[in-house]
**Q** 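A single structure is presented below for examination.
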Amino acid sequence: MAYAALMVHFDAAPSAHRRVHLAVHLANRFQAALIGIAGRSYVPTLMAEGLTIDSEETDCGQEELAILADIGREFHAATRHVRHTEWRGKPGHVGNLVSNEARAADRHPGG
């Protein structure tokens, strides 16, 4: 079986490096690109006097972008032995990010 691309969620959690280690092994074994993704943790919708504010619609701050950039640098350092890597750290709800990026990975060039 051949894989053009594999995707792994990488964040600041202690288990992230174990996941990436396994993903690096698999990417090298199958000669696949490795795509790292991360996003904002789930923040429930806020309700105030009938007004709904979806966390997806709120502006992300510079701090969030800086954190995602730091995580991306850490991802690239951890995956330096993989032929092709991509980092897709994007602000937004993690659930939506995973599903959107998974669809994009299905259409990864060479796939």
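Just so you know, these numbers come straight off a predicted model, no measurement behind them.
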**Q** Which pairs with one or both residues in residues 18-27 pass side chain to side chain donor-acceptor pair (under 3.5 Å), sequence neighbours excluded?
**A**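 Output for this query lists D11-R19, S15-R19.
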**Q** Can you name the residues that form a side chain to side chain contact (heavy atoms under 4.5 Å, CB included) with L26, not counting sequence neighbours?
**A**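 Residues passing side chain to side chain contact (heavy atoms under 4.5 Å, CB included) with L26: L6, L22, F30.
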**Q** I need the minimum non-hydrogen distance between Q31 and R83, along with the two atoms involved.
**A** O-NH2, 2.5 Å
**Q** NE2/H81 to CG/L34 distance, rounded to the nearest 0.5 angstrom?
**A**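 Result: 13.0 Å between the selected atoms.
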**Q** Could I get the full list of side chain to side chain contact (heavy atoms under 4.5 Å, CB included) partners for N28, not counting sequence neighbours?
**A** V24, V82
**Q** List the atom pairs, with distances to 0.1 Å, where a side-chain N or O of residues 67-75 and a protein N or O form a donor-acceptor pair under 3.5 Å, not counting sequence neighbours.
**A**
from	atom 1	to	atom 2	distance (Å)
D70	OD1	R73	NH2	2.2
E74	OE2	H17	NE2	2.7

**Q** Taking only residues at least two apart or on different chains, which pairs with a member in residues 23-33 satisfy salt bridge (charged side-chain N to carboxylate O under 4.0 Å, His left out)?
**A**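 Every candidate salt bridge (charged side-chain N to carboxylate O under 4.0 Å, His left out) pair involving residues 23-33 fails, so no pair, neighbours aside, qualifies.
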**Q** When rounded to the nearest 0.5 angstrom, what is the spacing between CH2 in W87 and CD1 in I37?
**A**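 Output value for this atom pair is 8.0 Å.
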